[in-house]
Amino acid sequence: MAALLEHATDLQALTLWQPWAWAVATPEVGKDVENRGWEPPPSALGRPLAIHAGLTYDADSAASIAEELGVRVPGKAQCVRGAVVAVAVLARAEAQSRSRWWVPGNVAWCLAGTVTLPRPVPCKGAQGLWRLPPEVLAQVRTQVLEALAPVAPTRVSGRVHGGSSRGGPAVVTGAVTIRGGQVVPCEDCRRPILGYGPGPHRHGGYLLARGMGAPGGGPWPTCGHGECYRMSCLGKPEAPPCCASAEGSAA
C-alpha cells in the first residue's frame, strides 16, 4: 500500500455509516468485507480505498454487531463521524464470500491490509465512490506512510529491539525482542526469527507455556523455584536464569 500511496495524485473513498466504519478500522473487530449492491469499477481493484465514516449512526446494526460478536460497540457519541478513519486495499469483489461479514445477495468488496488512522481526518462524504480532496489526501497519505514505515532494530542492554511504527505485540525470545514486520537474526545461531513469533526455530530464552510438552512427549520441566525451563535453539530444555549458574557449576 505504501508504494501505491506515496506518489498517488488521487485516492478514492467510500462512505460507511457508523458503526460499520468503526468495525473496519478496529483491528480487534476486523470487518474485512463491505456489502454493496453493485460491483466496483475494475480500475478500483487492487488499489487503496479510503474508509470514510459518515454522519449517520445505525443503532440497530450496532446492537446486531454487539450481539453476534460479543464486543462492546461504541455509541453515537463515541463514534467518529464525518471523517476518514482508515485506508484499506480493495483486493477484489466477489458474488459470494466466506467472510462472516458478507450478507448474501450483496457484492462482497473484500478489504485487505487495513491501516487505521491514528488521527481521523475530517471530510465531507458522498454516495458511491468519490475522491478525497487534495488537502485531505495529503493528510491521509502522511499518516498511512508513517504507520507503515519500518523502524530499524536498535540494541538496548544487549537485546535487539525491532518493529514497525504501528507497534504490535512484542515477542521476547532470549537475546531478541521483535515486533511484527521485522526480521532479526538469533544472536546464538544467526538464523532468522520472523514475524510475530520465534519461528522458524525456537530460540534459547523463549519461555514456553506451562501446558506444552517437552521433546519426547514428557512434561516440560520446571526448576526448583517453580520457573518453567526455556527452549534452546535446538528445541531442548534450558535452565531458567535463576538456576542456570547452579546447573552449570554442577556440570
Side-chain angles (χ1 to χ4, degrees), residues 1-58 61 64-65 68-69 79-150 164 166 180-181 195:
M1 184 190 298
L4 294 172
L5 270 181
E6 189 171 6
H7 302 295
T9 56
D10 66 81
L11 177 60
Q12 290 189 313
L14 193 67
T15 296
L16 281 62
W17 288 1
Q18 286 289 33
W20 297 115
W22 165 84
V24 172
T26 304
E28 295 79 10
V29 180
K31 185 174 187 288
D32 58 357
V33 159
E34 171 60 16
N35 294 281
R36 295 281 153 162
W38 47 285
E39 293 188 5
S43 60
L45 298 178
R47 300 187 63 81
L49 177 69
I51 304 300
H52 176 266
L55 297 176
T56 301
Y57 184 86
D58 187 344
S61 293
S64 177
I65 295 172
E68 293 185 18
L69 301 185
C79 271
V80 174
R81 292 180 293 147
V84 178
V85 295
V87 177
V89 173
L90 179 54
R92 61 192 179 279
E94 299 176 336
Q96 294 182 329
S97 174
R98 294 182 178 180
S99 172
R100 65 181 178 182
W101 295 99
W102 176 61
V103 177
N106 288 273
V107 177
W109 290 33
C110 301
L111 307 175
T114 303
V115 176
T116 303
L117 300 186
R119 303 176 300 279
V121 181
C123 179
K124 183 179 179 180
Q127 294 184 341
L129 280 174
W130 50 280
R131 286 179 167 79
L132 296 183
E135 64 277 9
V136 175
L137 168 59
Q139 296 180 59
V140 170
R141 174 168 48 208
T142 296
Q143 293 193 51
V144 172
L145 294 181
E146 287 177 351
L148 296 179
S164 69
R166 294 182 66 185

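Counting only distance, with no hydrogens or angles, the side chain of Gln18 and the backbone of Val80 share a donor-acceptor pair below 3.5 Å. In this structure a side-chain-to-backbone donor-acceptor pair under 3.5 Å is present from His52 to Cys123. Trp20 places no side-chain N or O within 3.5 Å of a backbone atom of Asp58 that could act as its donor or acceptor partner. Of the possible polar contacts, one joining the Trp102 side chain to the Asn106 backbone as a donor-acceptor pair under 3.5 Å is found. Side chain of Ser97 to backbone of Ser99: a donor-acceptor contact under 3.5 angstrom is found.
Judged as a side-chain hydrogen bond (donor to acceptor under 3.5 Å, both in side chains), and not counting sequence neighbours, the contacts of Ser64 are Glu68. Val89 pairs by the side chain to side chain contact (heavy atoms under 4.5 Å, CB included) definition with Met1, not counting sequence neighbours. In this view, Trp109 and Trp38 satisfy the ring pair (Phe, Tyr, Trp, His ring centres under 6.0 Å) rule, not counting sequence neighbours. In this structure Asn35 satisfies the side-chain hydrogen bond (donor to acceptor under 3.5 Å, both in side chains) test with no other residue, sequence neighbours excluded. Taking the side-chain hydrogen bond (donor to acceptor under 3.5 Å, both in side chains) definition, one finds that Glu94 meets it with Arg92, sequence neighbours left out.
Nearest heavy atoms, Leu11 versus Leu49: CD1-N, 4.2 Å.
Taken to the nearest 0.5 Å, the CZ atom of Arg100 stands 8.0 Å off from the CG atom of Asp32. Here Leu111 contributes atom CG and Ile51 contributes atom CD1; the two are 5.5 Å apart, rounded to the nearest 0.5 Å. With rounding to the nearest 0.5 angstrom, the CG atom of Leu55 is 9.0 Å from the OG1 atom of Thr15. Separating the CG atom in Leu137 from the CD atom in Gln12 is a distance of 12.0 Å, to the nearest 0.5 Å.
Within a 6.0 Å sphere centred on CH2 of Trp17, heavy atoms belonging to other residues, nucleotides or ligands number 12 at most. Enclosure of atom CZ in Arg47 is not indicated, since only 12 or fewer non-hydrogen atoms of other residues, nucleotides or ligands lie within 6.0 angstrom.
Put simply, the side chain of Leu90 does not reach to within 4.5 Å of the side chain of Cys110, judged on heavy atoms. Within the 4.5 Å cutoff, the side chain of Trp101 has heavy atoms near those of the Val29 side chain. A 4.5 Å side-chain heavy-atom check between Gln143 and Val121 finds at least one atom pair inside the cut-off. Side-chain contact between Val140 and Val87 is present, with at least one heavy-atom pair separated by less than 4.5 Å. Counting heavy atoms from C-beta outward, Leu117 and Gln139 have side chains that stay 4.5 Å or more apart.
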Criterion side chain to side chain contact (heavy atoms under 4.5 Å, CB included) on Leu132 and Trp130, from CA distance to verdict: CA-CA 7 Å; Leu132 296 183; Trp130 50 280; 3.6 Å; yes
Stepwise salt bridge (charged side-chain N to carboxylate O under 4.0 Å, His left out) test for Lys31 and Glu34: CA-CA 8 Å; Lys31 185 174 187 288; Glu34 171 60 16; 2.9 Å; yes
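For the salt bridge (charged side-chain N to carboxylate O under 4.0 Å, His left out) condition, the pairs that include at least one residue of residues 120-145, sequence neighbours left out, are Asp10-Arg131.
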